[in-house]
Number of protein chains: 2
Amino acid sequence: MYTDNKNKHIPKISIQRLAVYLQVLESLDVDGVEVITSEPLAKACDVNASQIRKDLTYFGEFGVRGVGYNVKSLMASISEALGINREWPTVLVGAGNLGRSLVGHNGFKQTRFKIVGVFDCDPFKIGEEIAGLEVVCTQRLKEKIADLKVEIGIIATPPERAQRAANHLVSAGIKGILNFAPARIFVPTYVNVEYVDYFHYLYSLAFQITHDKR
Amino acid sequence: MYTDNKNKHIPKISIQRLAVYLQVLESLDVDGVEVITSEPLAKACDVNASQIRKDLTYFGEFGVRGVGYNVKSLMASISEALGINREWPTVLVGAGNLGRSLVGHNGFKQTRFKIVGVFDCDPFKIGEEIAGLEVVCTQRLKEKIADLKVEIGIIATPPERAQRAANHLVSAGIKGILNFAPARIFVPTYVNVEYVDYFHYLYSLAFQITHDKR
DNA sequence: TGCTGTGAAGCTCTTCACAGCC
DNA sequence: GGCTGTGAAGAGCTTCACAGCA
């Protein structure tokens, strides 16, 4: 049963792990597994078993002592805990190569996150169609976001235009931003920002490989 | 001066922050800033100033007391510390939509990471050309990796084929894997793996927005 | 019996506060 | 005087170890 624990502070890193647990549970479910204990689940997620149990107790008691966790119902509980068991309309700012490939991403078919608007300030791009969505002038963000009750914006502009895109999104009333542009952005504290730059992971690999050699 | 400190353990999270510092320094450099102190740099990176100073001392003493850090030389020192001040040839496994858009990513023009080979096991894709690279059968990974001294492999296959791609890469002698497939992979401990799934960031935003409302 | 849920211990990372140096 | 570099204190997360329960 999902019981939000309003009192405890939940580490952000636990949230990130819940996403991993969910991914692994989904593949277990596909394989027909119905019940799993924390130990093998931990192995599959590459974490400690009590880590999993502790992360889950932030949100409730989902297991059965002596038995384990029901795969399907744990998936449902985690989805509810994360808040992803409902539609999340999003808007995309930036209709370049990156933006275009984001629109086509499988995740938007498989999850309840949807791109409902594509914006760009380039007059050459405005009016173009991407996967059934017309590219609209960034000036019109506010009306669209209000109309469609959008809370999350995705920035896929070149770095020098990221801050401007963020400003538009913020003044349109957005609550969260996923920023693919390789640039830091400044927003009021009530707006949540997540940065995605996979070259940082390549840097991390380069570092690890370089230092393994010693 | 870069001085590798072989004795100290360097937290992985420090490495990730170094990538952020580098990004911010690059944009300061573009703006013509020559010297910066830890305080404003920290603000721009959204971290604590002593965090930066501590992270940097894992690798040496780069600042001048009473003055600050020279932007250009700090960039060079961080690049050296991360090990990204040299060419890093990589191979891509998976020539679908995702793979295609990775090949075109700007980062491969702006950094010294390069994709030097594209592999797929789909006979329909083999022989195709992507940005000047011929798609080659995955069976031929080993020779290519040996020939071109490739140490990093990028997996951009569907999730069900990720493990097979990883196995091929490992037996070809790869040392690090960047995995874009939404699936966990199992590799020997001497192989480093980084996972990229930006839907996890959307989950995190959804969680934060859901809980902000209280 | 077997596995979850959890207080407490342990450990790692972060921040403080100031010595050290330009 | 001012800012870096750093030992020590503090905070937060992870893991242990076992009570609790099916």
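Between Tyr69(A) and dG5(C) there is a side-chain polar atom (N or O) within less than 4.0 angstrom of OP1 or OP2.
Across dT6(D), dT14(C), dG5(C), the shortest atom-to-atom separation from the side chain of Arg17(B) is found for dT14(C). Nearest nucleotide to the side chain of Pro11(B), out of dC13(D), dA8(C), dC13(C): dC13(C). With distances taken from any side-chain atom of Gln51(A) to the nucleotides dC13(C), dT15(D), dG5(C), the minimum falls on dT15(D). Of the candidates dA17(C), dT15(D), dA19(C), dT15(D) carries the atom nearest the Ser50(A) side chain, counting heavy atoms from C-beta on. Looking at the side chain of Ile13(A), the nearest of the listed nucleotides dC16(C), dC13(D), dT4(D) is dC13(D). In this structure, of dG20(D), dC13(D), dT4(D), it is dC13(D) that holds the atom nearest to the side chain of His9(A).
Atom-to-atom, NZ of Lys54(B) to P of dA8(D) comes out at 11 Å; the value is rounded to the nearest Å. What separates CG of Asn48(A) from C1' of dC11(C) is a distance of 13 Å, to the nearest Å.
Classified by interplanar angle (parallel below 30°, tilted 30° to 60°, perpendicular above 60°), the ring pair Tyr203(A)/Phe113(B) is parallel. Relative ring orientation between His211(A) and Phe207(A) is described as tilted, the plane-to-plane angle lying within the 30° to 60° band. Using bins of under 30°, 30° to 60° and over 60° for the plane-to-plane angle, the ring pair Phe180(B)/Tyr198(A) lands in the perpendicular bin.
Within residues 23-41 of chain B, no residue has any heavy atom closer than 4.0 Å to DNA chain C.
For dG12(D), the base has no donor-acceptor partner in the side chain of Lys12(A) [N/O atoms by modelled type, under 3.5 angstrom].
Residue pairs meeting the salt bridge (Lys or Arg N to Asp or Glu O under 4.0 Å) criterion with at least one member in residues 24-37 of chain B, sequence neighbours excluded, are Asp29(B)-Lys72(B).
A side-chain donor-acceptor contact under 3.5 Å links Thr90(A) to the backbone of Lys114(A).
Salt bridge Lys12(A)/Glu194(A): present, at least one basic N to carboxylate O contact under 4.0 Å.
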